[in-house]
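Heads up, the thing below is written out as structure tokens.
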There are 2 protein chains.
Amino acid sequence: MADATGTIEAMLGKVPRTERGRKTLRRVLEAAALEFGERGYHDAAITGITQRAGVALGTFYTYFDSKEKVFRALVRDMSQATRQHVAEAVRGAPDRLTAERLGLEAFIGFVRQRRELYRIIEEAQFVAEDVYREHYLTFAEGYSRNLAAARERGEIAEGADSADEPRAWALIGMSVFLGMRYGIWEEDLSPAEVADIAIDLVSEGLRKRS
Amino acid sequence: MADATGTIEAMLGKVPRTERGRKTLRRVLEAAALEFGERGYHDAAITGITQRAGVALGTFYTYFDSKEKVFRALVRDMSQATRQHVAEAVRGAPDRLTAERLGLEAFIGFVRQRRELYRIIEEAQFVAEDVYREHYLTFAEGYSRNLAAARERGEIAEGADSADEPRAWALIGMSVFLGMRYGIWEEDLSPAEVADIAIDLVSEGLRKRS
DNA sequence: CCCAAACTTGAACCTTGACTCATGTTTCAG
DNA sequence: CTGAAACATGAGTCAAGGTTCAAGTTTGGG
């Protein structure tokens, strides 16, 4: 897309043509997720990936042109998986505020299960900035649309329509930091507790009411 | 602090004993901020730093033990500068919500002036995680205290006191993402506009009122 | 079966850049 | 003034790890 080559090959390695090839590609990708997640981009070694995958060093280059290319493929992969996971959790929510709550809870639960998520997606900021921006821009776009729709349905407080986007970014930032603090750093509150508090904050607001 | 050595020397290079030394140290630190900010930790080169500073390669090692050490010193430095800048902007605010608004506006303005801030502090997550955590933990602690005090003064909506901390993290995440999007990525809204929208969000909430 | 394409292998190559150190210069306290 | 400590210099050392490649092995369509 934002890629000059644009082909599917460029996005997820070279397409294998045999069953063996497909299986190997999958193993290399999974090994890469482990290696990058554990050691970070720069400390990760191609030999680390191939050893985990149980293949020879050269095999890696049958599927990816470079270290950076696997990393990009991985980020896109996890970005997509995250969006899908949240979308599923939210599906069928009766209204926007309920959707927010379900989405946030699912998100925090998700990062607990896949701690390599942050290590990989956030590091993309410094290794493949275009993919990083694409990730959050995609997220923010969908989010804005949902807020706008809810606002037009009269489900949430009205406001200028130009506020949808900043609101979306604010909510995303909230989720990302809560995910980091309560999903990865320390689990002293459950995803549900965190989601309750955060959603109460943005639903009811801090202003005192009589 | 969290450092085994604990001395001031370990935090900001070796302490120079002459005027010339202090001047050189300052230039090296400034050069390092530029180099790390422009190229990121791993692409930054010590020779890049010393060239910018106009000193020989070896001089660097008169002041810092390693590449990682300057980086840590720099992160602490910028962390402190950020907190100070926000604290000054907030000083004398009549109430918490006003303080929030002023703080956020100041923060976004600050990152616009010093775009290397994100590049450096956020990359610390992958280069010196302890300093990164220290940065946000310090921020969150102060924030929580402020919220708790305001709550006890009856200035903001009441709630369980266990909510202060998650609320603080939510607000920090909001600020960081708004700073990234509207401070660095694109300046399509002014810091004041962004702050207005975001603070309205957490003051009034999204729930519709009759 | 058969063989061309697909895939696998791992030693060797090669760049890069952090860090050392022996030598020289500058500073400043006494 | 002076000499010892502080500071500056930059060529050389060294390890790490990404990438190449030529020689094999396996697969699958015809």
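Keep in mind that what you see is a predicted model, and the values were worked out from it rather than measured. The sequence lines fix the lettering, A, B, ..., with proteins before strands; numbering per chain opens at 1.
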Along DNA chain C (nearest heavy atom to each residue), the more 5'-positioned of A/Val55 and B/Gly58: A/Val55
Would you call [X] and [Y] a salt bridge, using N to O less than 4.0 angstrom?
X: B/Arg52; Y: B/Glu30; answer: no
X: B/Glu38; Y: B/Arg119; answer: no
X: B/Arg83; Y: B/Glu141; answer: no

Student check: side-chain heavy atoms of A/Arg101 and A/Arg96 closer than 4.5 Å: no
Can you tell me the distance, in whole Å, between the [atom1] atom of [X] and the [atom2] atom of [N]?
X: B/Asp43; N: C/dT16; atom1: CG; atom2: P; value: 12 Å
X: B/Ile46; N: C/dT16; atom1: CD1; atom2: C1'; value: 13 Å
X: A/Phe60; N: C/dC7; atom1: CZ; atom2: P; value: 16 Å
X: B/Lys23; N: C/dT27; atom1: NZ; atom2: C1'; value: 14 Å
X: B/Arg39; N: C/dG17; atom1: CZ; atom2: C1'; value: 11 Å
X: A/Tyr61; N: C/dA12; atom1: OH; atom2: C1'; value: 14 Å
X: A/Leu57; N: D/dC21; atom1: CG; atom2: P; value: 14 Å
X: B/Lys14; N: D/dA8; atom1: NZ; atom2: P; value: 12 Å

With a cut-off of less than 4.0 Å, is there a side-chain N or O of [X] near OP1 or OP2 of [N]?
X: A/Thr18; N: C/dA6; answer: no
X: A/Arg17; N: C/dA6; answer: yes
X: A/Thr47; N: D/dG17; answer: no
X: B/Tyr63; N: D/dA8; answer: yes
X: B/Thr62; N: D/dA6; answer: no

A/Glu19, nearest nucleotide to its side chain (from D/dG28, D/dG10, C/dT27): D/dG28
Closest nucleotide among D/dT19, C/dA18, C/dA6 to the A/Arg20 side chain: C/dA6
Aromatic A/Phe60 / basic A/Lys67 pairing, under 6.0 angstrom, 45° off normal: no
Touch class at under 4.0 angstrom, heavy-atom based, for B/Ala53 against every strand present: nothing
